[in-house]
Amino acid sequence: MEEQNPYKEIEEECKNLWEKEKIYKFNVKTKKKIYSVDTPPPTVSGKMHIGHACSYSQQDFMIRFKRMRGYEVFYPFGTDDNGLPTERLVEKTNNIQSKNFSRAEFIKICMDFLKKELPNFVQDWKNIGISCDWDMTYSTIDENSRRISQWSFLDLYKKGRIYRKDAPAMWCPECRTGVAQVEVQDKEIDSYFNDILFECENEKIKIATTRPELLAACVAVFYHPEDERYKKFKGKKAKVPLFNFEVPILEDKRVDRKKGTGIVMCCTFGDQTDMEWQKAYNLPIKTAIDAEGKMTEIARKYQNLSLKDARKSIIEDLKKNNLLVSQTPIKHFVNVHERCGTPIEFVKSKQWFVKYLDLKENLLKWGKELNWYPEFMRHRYENWVNGLQWDWLISNQRYFGVPFPVWYCKECGNPIFADEKQLPVDPLKDKPLIKSCPKCNCKEFIPETDVLNTWFTSSMSPLLATVSIKDEEVKKRLFPMSLRPQAHEIISFWLFNTLLKSRLHFEKNPWEDVAISGFVTLKGEKMAKSKGNIVSPQEVMAKYGADAIRYWAASSKLGEDFDYQEKDIITGKKFVNKILNASKFTFMNLKDYKNQKPKEIKELDKLILEKLDKIIISSTENFEKYEYSRVKNEIDNFFWRDFCDNYLEIVKKRIYQNRGDEKISAQYTLYQLLFNIIKLFAPFTPFVTEKIYQDYFRENEKEKSIHLSKWPEKITEIKNEKERDKDVNKWESFLELIKMIRQEKSNSKKPMNSEIKLSIPEEQYNLFKDMLDDLKDVSNAVEIKKGIFKVEFI
RNA sequence: GGCCCUGUAGUCCAACGGCUAAGAUAUCUCGUUUACACCGAGAAGACCGAGGUUCAACUCCUCGCAGGGCCACCA
């Protein structure tokens, strides 16, 4: 790294202070109103990425505001370290395969791995200044999470929402597990349309397929009822090449006449349409693929081959027998498992499901009861609900995860459920509390070896997060939670499932507000490891500091994707530098200031204080609506333009020249301005504002951290809003006048401090009559006359 | 195919239906003044297209174009 973060020391100092003084601790005895947050637990798979840095910063702005606003903030931190992602990470890192270990061994390897890696993983979130209570952490694989997930399973079973079914389900041959609808993605892959010859009464029928390996499972051939080409085959039978068995030729409107040869083979579990046909025409069920992703015995000589190998060798055999007319290369979309990219198969297997297809209407209604920020994100949720086609498959045939609290009777297969008292339970190790099967009295039980899908657990996050709260009364006060912040790509996973669970278990929504963040792109494209366009937040922080990256994150609105540009981070770094310098300079001018109020606040000072009030009022309103980027924008302008470029320039002479009460008025104003500015910035750049607070303000102010101080409230007394607007306008036109003078100097290529004689219109002269000395100071005018605007150089 | 989001200076990104369309960065000119050259002052530079609503449209509506996303289909 060429450059070093110049603010590393400040950041370390602040982190130590926050940790030592427990600044972000949730006080269980609080009398204040609680603001509770269902923090997203990041998946433990590698390191924090820039999207995390951005979205966690954004939630932290809103939460820090609430804390300063007087709420007792409940902001825990969890890690999602349960299930497939962690299992795959451990497999990759240790170069091992879970199937070569016993379940207990592999779980131990995973837990050891987590123990070693978690502190490092979490450190990134601490480094970027996330104000969680770091004593309130949870993991989705810890004992509490296992207990709650298993309880959830038992409770849903009691409520009639859980069932087990032996049916075709989406299956990943690579991970060797059933997968849920939500875990399936589109992927474009290269393939071939193979035109294969079927035979019907000595006539050849050319059928196009991308899946020749499924020939053995062919149960029918379909064409469109209005397709003249094929009507002649109605009611006849077709002979399947290589396998030489006959299947009926049927009509169905679902056939696309334009696709391939317009006639299609139907294999039991080929795709969803195939399954619909199987049901509609009561076709036989032929299973060609087993749970290992290999061909079954119906594939005859191809049995035990992998799908890929079977396809290859069937194609070869078709060629040999002149049954393959042609191969056309195509690109098409197939469903793949989102975790590994392997095409999904439909495989008949016993799986556990949560029944929810009957709840679509309710789910839509419950979604409407949430406050969505931004509002339009609700459509994504509704879109998902409307498109649901499968009940929720919750069983995974994996090792690592939360086990089902279930055994089966050896004799009759009756499921035996664990007793709530014995949770968390591991059926591989533990025994059910009942001694014999209530149905057949058998005393032997077979443990369920599947584990619960990771979303089944993370959907309990509002409960998981409260693990450290022992007091039931306090726990109750946390629900429903105030806020669920999260990214939009998991609306259909985490948000949907959490809402569903909360309604099914408790009949109420889990939160009031949901805030959905966008993601970070690079040159308009989503960052992805596979594309190699990753920006590492660790490197960015090492170069420019945590405040810089946060300042950058604050410039994007909720729900809006935005483009990463290094120069924008540099802008953040410049800000940190600027506010440190401005503070240093301010306090150089406050050396002899004893915190007294002036007898009279000078006109100019009153105007800028009123402008500050205006900023405070609108910032507060915007923050309440989670519009943090507007807040940042406004205070940013006020800080640079009003405070640094103008007010500081105007009053430095007044202070330097020691003009009695007028000097005190300036000093009082400087103190107020800077103090409120750093408070307004505190949610955004917590490190530098803390540093300034500790160095300059702490001795006068009572709170031990700026982050515990009160959010600013207006300081000036005015009769009404109109009066303030008038005064603020006066301030703006004063700045306008200064700008004109500077313009003159610049156009005349004179230095800014060159002495001048100034003429201004009588109207302005009168308007600014109490500020003429300030005007002289800032413009270095020796005299100000009434007249047409004119700058004369001396 | 259904739905959603976004189109503003070279680039990133603001703007209750209403004054000269804001800021950052890059460019050009000037300037070291009792914090800051990681600076200051100034200049130049933009509303995707076509209709419509309105006294008034960057803003609202319709259509189109372009980019992105979610979902469905995918023999």
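In what follows, every chain begins at residue 1, and chains take the letters A, B, ... in the order their sequences are listed. Just the heavy atoms: all of them, side chains too, but no hydrogens, waters or symmetry mates, feed the values below.
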#### Entry: Range-with-range stems for RNA chain B, at least three Watson-Crick or G-U pairs under 3.5 Å
B:1-7 with B:65-71, B:10-12 with B:23-25, B:27-31 with B:39-43, B:48-52 with B:60-64

Quick one: salt bridge (Lys or Arg N to Asp or Glu O under 4.0 Å) pairs with a partner in [range], sequence neighbours left out?
| range | answer |
| --- | --- |
| residues 324-339 of chain A | A/D190-A/K331 |
| residues 548-560 of chain A | A/D60-A/R550 |
| residues 624-636 of chain A | A/K66-A/E624, A/R69-A/E624, A/E627-A/R630 |

What pairs with [X] under salt bridge (Lys or Arg N to Asp or Glu O under 4.0 Å), at least two apart in sequence or on another chain?
| X | answer |
| --- | --- |
| A/R211 | A/E213, A/E345 |
| A/D777 | A/R659 |
| A/D186 | none |
| A/K614 | A/D725 |

Taking the same atom, [atom1], in [N] and in [M], what whole-Å distance lies between them?
| N | M | atom1 | result |
| --- | --- | --- | --- |
| B/A22 | B/A14 | C1' | 6 Å |
| B/U11 | B/A26 | P | 16 Å |
| B/U6 | B/C47 | C1' | 14 Å |
| B/C16 | B/C61 | P | 15 Å |
| B/G31 | B/G45 | C1' | 23 Å |
| B/G2 | B/C60 | P | 23 Å |
| B/G17 | B/U54 | C1' | 9 Å |
| B/U8 | B/C48 | C1' | 10 Å |

### Query
Going 5' to 3' along nucleotides 35-43 of chain B, which nucleotides have protein heavy atoms under 4.0 Å from the base (write B), which only from the sugar-phosphate (write S), and which from neither (write -)?
BB-BSSBSS

### Query
Can you give one letter per nucleotide of nucleotides 70-75 of chain B, 5' to 3': B if a protein heavy atom sits under 4.0 Å from the base, S if only from the sugar-phosphate, - if neither?
BSSBBB

### Comparing A/D563 and A/T571 on RNA chain B - which has the more 5′ nearest nucleotide
A/D563

### Message
Holding to side-chain hydrogen bond (donor to acceptor under 3.5 Å, both in side chains), I want the full list of residues that pass it with A/N780, two or more places apart in sequence or in another chain.
### Response
A/K653

### Message
B/A15, OP1 or OP2 - any side-chain N/O from A/R630 closer than 4.0 Å?
### Response
yes

### Message
Between P on B/A15 and CG on A/N622, what's the gap in Å once rounded to a whole number?
### Response
10 Å

### Query
Between A/W455 and A/F496, is the gap from one ring center to the other below 6.0 Å?
no

### Query
Quick one: which of B/G69, B/C13, B/C30 gets closest to the side chain of A/F562?
B/C13

### Main-chain N/O of A/Q327 paired to A/N194 side chain as donor or acceptor, under 3.5 Å
no

### Task
Establish, yes or no, whether the cationic atom of A/R484 lies under 6.0 Å from the six-membered ring centre of A/W494 and within 45° of the ring axis.
yes

Taking only distance into account, with no hydrogens and no angle test, what donor-acceptor pairs under 3.5 Å do side-chain atoms of residues 255-263 of chain A form with protein atoms, sequence neighbours excluded?
residue : atom : partner : partner atom : Å
A/D256  : OD1  : A/K258  : N            : 2.9
A/T261  : OG1  : A/K206  : O            : 2.8
A/T261  : OG1  : A/A208  : N            : 3.3

### Message
Under 4.0 Å, counting only non-hydrogen atoms across every strand here, what does A/K258 touch: a base, just sugar-phosphate, or nothing?
### Response
nothing

